[in-house]
*Asks:* 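Below is a structure I'd like to ask you about.
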Amino acid sequence: MGRVDNDAFLSELTRFFTRSKSTGTVYITMKRWTGQTKPEPRKGKAAAKATSAADGGDQKMCLLRATLNKKKISTVINSKDVNRFQMAYANLLKAHMDGLKRPERTKTKK
């Protein structure tokens with residue numbers, strides 16, 4: 001499916017969770033994203049240090065990916081939308097994480 005906007009991502013993630021009840025597992029990854037699609041080649045250690053110091057001034061974004069079987073979706077979250085998205089995302093996770101099992105504890109003798 002590719003990259004979608006934040007609201008479409010949450011609705012599709014809800015569909016992923018309902019489909020995974022019968023079969024499959026939903027994998028979710030989140031990482032910082034700078035908007036760069038291709039890697040830049042390094043020209044030495046000095047150039048690498050200079051680019052990492054200059055990297056902090058750009059607008060910060062997060063890339064969120066979800067996978068169920070062979071179907072993948074992703075979205076980019078801007079820094080101004082993080083609070084709104086995080087609240088909706090947390091509610092979605094709380095609603096669909098009901099099938100988890102508690103680990104069995106073995107009694108240890110002291």
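We use all heavy atoms of the structure for the numbers below, so side chains are in, but hydrogens, waters and symmetry mates are not.
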*Asks:* List the residues meeting side-chain contact (heavy atoms from CB on, under 4.5 Å) with R84, not counting sequence neighbours, and say none if there are none.
*Replies:*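 So R84 forms a side-chain contact (heavy atoms from CB on, under 4.5 Å) with N6, D7.
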
*Asks:* Which heavy atom of S74 sits nearest to which heavy atom of L63, and what is that distance?
*Replies:*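 Looking at all heavy atoms of both residues, the shortest contact is CB-CD1, 4.4 Å.
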
*Asks:* Short question: side chain of S20, backbone of V26 - any donor-acceptor pair under 3.5 Å?
*Replies:*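 Not confirmed, S20 side chain does not pair with V26 backbone.
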
*Asks:* Can you name the side-chain contact (heavy atoms from CB on, under 4.5 Å) partners of N78, sequence neighbours left out?
*Replies:*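 For N78 the side-chain contact (heavy atoms from CB on, under 4.5 Å) partners, ignoring immediate neighbours, are Q59, M61, K80, D81.
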
*Asks:* Do K71 and F16 come within less than 4.5 Å of each other through their side chains, counting heavy atoms only?
*Replies:*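 In contact.
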
*Asks:* Residues in salt bridge (Lys or Arg N to Asp or Glu O under 4.0 Å) with R65, at least two apart?
*Replies:*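 R65 satisfies salt bridge (Lys or Arg N to Asp or Glu O under 4.0 Å) with no residue once adjacent residues are dropped.
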
*Asks:* With a cutoff of under 4.5 Å between side-chain heavy atoms, which Ile, Leu, Val, Met, Phe, Trp and Tyr residues group with Y27?
*Replies:*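 Answer for Y27: none, a lone residue.
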
*Asks:* Might you point out which heavy atoms bring T75 and D5 nearest each other, and give the distance in Å?
*Replies:*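 Minimum heavy-atom separation between T75 and D5: OG1-C, 3.6 Å.
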
*Asks:* For residues 85-92, which side-chain donor-acceptor pairs fall under 3.5 Å, sequence neighbours excluded?
*Replies:*
{"residue": "N91", "atom": "ND2", "partner": "M87", "partner atom": "O", "Å": "3.2"}

*Asks:* I need the full list of salt bridge (charged side-chain N to carboxylate O under 4.0 Å, His left out) pairs touching residues 22-31, with sequence neighbours left out, sorted by first then second residue.
*Replies:*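 Residue pairs with at least one partner in residues 22-31: there are none.
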
*Asks:* Tell me, with the steps shown, if I28 and L13 meet side-chain contact (heavy atoms from CB on, under 4.5 Å).
*Replies:* CA-CA 10 Å; I28 301 172; L13 189 60; 4.2 Å; yes

*Asks:* Where is the tightest heavy-atom contact between A66 and F9, given as atom of each residue plus distance?
*Replies:*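 For A66 versus F9, the nearest heavy atoms are CB-CZ, 4.0 Å.
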
